Novice: 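Sharing a structure here in C-alpha cells format.
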There are 2 protein chains.
Amino acid sequence: MTTSAAQRRERARAEYNAFLAVCPSHQLLARVSDKWVTLILSALGSGGDCAGEPGAMRYSELSRLLAGVSQKMLTQTLRSLERDGLVTRTVTPTVPVTVTYALTDLGLSLQHTMRALKSWAETNMDDVFDNRATYDERVG
Amino acid sequence: MTTSAAQRRERARAEYNAFLAVCPSHQLLARVSDKWVTLILSALGSGGDCAGEPGAMRYSELSRLLAGVSQKMLTQTLRSLERDGLVTRTVTPTVPVTVTYALTDLGLSLQHTMRALKSWAETNMDDVFDNRATYDERVG
DNA sequence: CTGTATCCTATATGATACTG
DNA sequence: CAGTATCATATAGGATACAG
C-alpha cells in the first residue's frame, strides 16, 4: 500500500512544526513577509510615494490606492493585521457605514522597517533590472 | 456569450500592468516580500539567530539551516536572487562539485533591512501572539 | 459603503525520481 | 553534492453575487 497523501502531508507538517519550535519567530516573519502586508502598511502609515495620503484611511481609499488588490485579499489581510494588533479598525455608524483603518503603535514600529524596504526597492530598482537583463542575456 | 476566463485574465493583467506602470518599484517590493527571500538573505549574511554560520554558504548548508524549505524552493529562490544580483553563485569543480552562495554588495544592503525585519519579529512575537489570543477570544 | 459567501483558476510549493 | 524534471496538491487569489 502506497503512502497516502494525508500521511505525507502530516509528516511535512510535523517537520515544519519542529522547525517552528526551534525558531518560532519565523512564523511571524513569514507572515509579515507578505506582498499585501508590505503594501498595506506602507500605504497606511504615510500613503507612500504613489499617492500620498497620511493617517487613517478608509476601506475604499485603500482599495483605490492599492490598485491591484481584490476585495478579498484586502479584507483578509486587514483582518489578519487587526488580529495581530498592527492596525485598528474603527466603525463609524454613519448612514452608509464608515470604516477607517489606522496603525497601532506596534504597527508603526514595523512600518518604519517597511518603509526602509520600500525605499530600498525604489533606490535599487534600476540596478536589479539591469542585473536581470544581464543575467537573461548570458543565459539566453 | 459569457466572458471567457481568458478575457477576464487579460483585463486583470492589464489593470495590474497599469498599476505597475504607476509604481514600478512595487514589482520589486513584492518580489522581495517573500518568505524564502527573507529567510535566505537572513541566513546568508550572518546565519541569523537559529544557527549562526556567517559568510558564504553551501547549498547543503542552506538546505539544513532552513529546515522547512524544499529543494525546489531553495533552488528557485536562489536563482531569482542570483538573477537579481543579490547573491553570487560560485562553482568549485572539486570531485563532488561544490557550490557556494554569498551576498553581493546589493544583497548586503538589503540584508540590513532584512535583519531589522527579523529582529522586529523576534522582539514583538510575544505581543503579537497575545494580541491574537485576545482577538480570538473576543470573536470566539 | 463595507463587507461576506461561493465558486473557480493560477500559482506556489512539496514529493519523488533522475542526472552530471 | 547540487541540482533538474515531473507530477500532485494546497493555497493564494480573483470574479461574481449577495447582505447589513
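Keep in mind that what you see is a predicted model, and the values were worked out from it rather than measured.
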Novice: So, is B:Y101 close to the D:dG3 phosphate, meaning a side-chain N or O under 4.0 Å from OP1 or OP2?
Specialist: yes
Novice: Which residue pairs satisfy the side-chain hydrogen bond (donor to acceptor under 3.5 Å, both in side chains) criterion with at least one member in residues 71-80 of chain B, sequence neighbours excluded?
Specialist: B:Y59-B:T75
Novice: Taking only side-chain N and O atoms of B:R58, does any of them lie within less than 4.0 angstrom of OP1 or OP2 on D:dC1?
Specialist: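 Checking B:R58 against D:dC1: no side-chain N or O falls below 4.0 Å of OP1 or OP2.
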Novice: Which residues within residues 69-81 of chain B lie with some heavy atom under 4.0 Å of an atom in DNA chain D?
Specialist: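 Within this stretch, B:Q71, B:K72, B:T75, B:R79 sit under 4.0 Å of the strand.
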Novice: In whole angstrom, what separates B:L66's CG from C:dG14's C1'?
Specialist: 16 Å
Novice: State whether the side chain of B:T134 and the backbone N or O of B:D130 hold a donor-acceptor pair below 3.5 Å, judged by distance alone.
Specialist: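 Yes, the answer is positive, given that a donor and an acceptor are paired below the 3.5 Å cut-off.
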Novice: Checking contacts here: which listed nucleotide (D:dA2, C:dT13, C:dG3) is nearest the side-chain heavy atoms of B:T98?
Specialist: D:dA2
Novice: Compile the donor-acceptor pairs under 3.5 Å between side chains in residues 88-101 of chain A and protein atoms, sequence neighbours left out, one pair per line.
Specialist:
from  : atom 1 : to     : atom 2 : distance (Å)
A:T88 : OG1    : A:A102 : O      : 3.4
A:R89 : NE     : A:Y101 : OH     : 3.4
A:T94 : OG1    : A:T92  : O      : 3.4
A:T94 : OG1    : A:P96  : O      : 2.7
A:T94 : OG1    : A:T98  : N      : 3.4
A:T94 : OG1    : A:T98  : OG1    : 2.7

Novice: Indicate the atoms forming the closest heavy-atom contact of A:T38 with A:V32, along with that distance.
Specialist: OG1-O, 4.1 Å
Novice: Can you tell me how far C1' of D:dG14 sits from CH2 of A:W36, to the nearest Å?
Specialist: 11 Å
Novice: Using only atom types and a distance under 3.5 Å, with no angle test, would you say the side chain of B:T113 pairs donor to acceptor with the backbone of A:L117?
Specialist: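 No; zero donor-acceptor contacts below 3.5 Å.
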Novice: With a 4.0 Å limit, can you tell me whether A:T94 has a side-chain N or O closer than that to the phosphate oxygens OP1/OP2 of C:dC1?
Specialist: no
Novice: State whether A:R89 places a side-chain N or O below 4.0 Å from either non-bridging phosphate oxygen (OP1 or OP2) of C:dG3.
Specialist: yes
Novice: Rounding to an integer number of Å, can you tell me how far A:R64 CZ sits from C:dC1 C1'?
Specialist: 12 Å
Novice: Given 3.5 Å as the limit, does a donor-acceptor pair link the side chain of B:T104 with the main chain of B:L86, or not?
Specialist: yes
Novice: Any side-chain to backbone donor/acceptor pair from B:D34 onto B:W36? Under 3.5 Å, distance only.
Specialist: yes
Novice: Give the rounded distance in Å between these two atoms: NZ of A:K35 and C1' of C:dA10.
Specialist: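 About 13 Å, once rounded to whole Å.
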Novice: Which nucleotide wins on minimum distance to the side chain of B:P96, given the candidates D:dA2, C:dG3, D:dC1?
Specialist: D:dC1
Novice: For D:dA2, take OP1 and OP2 only and decide whether either is under 4.0 Å from a side-chain N or O of B:S60.
Specialist: yes
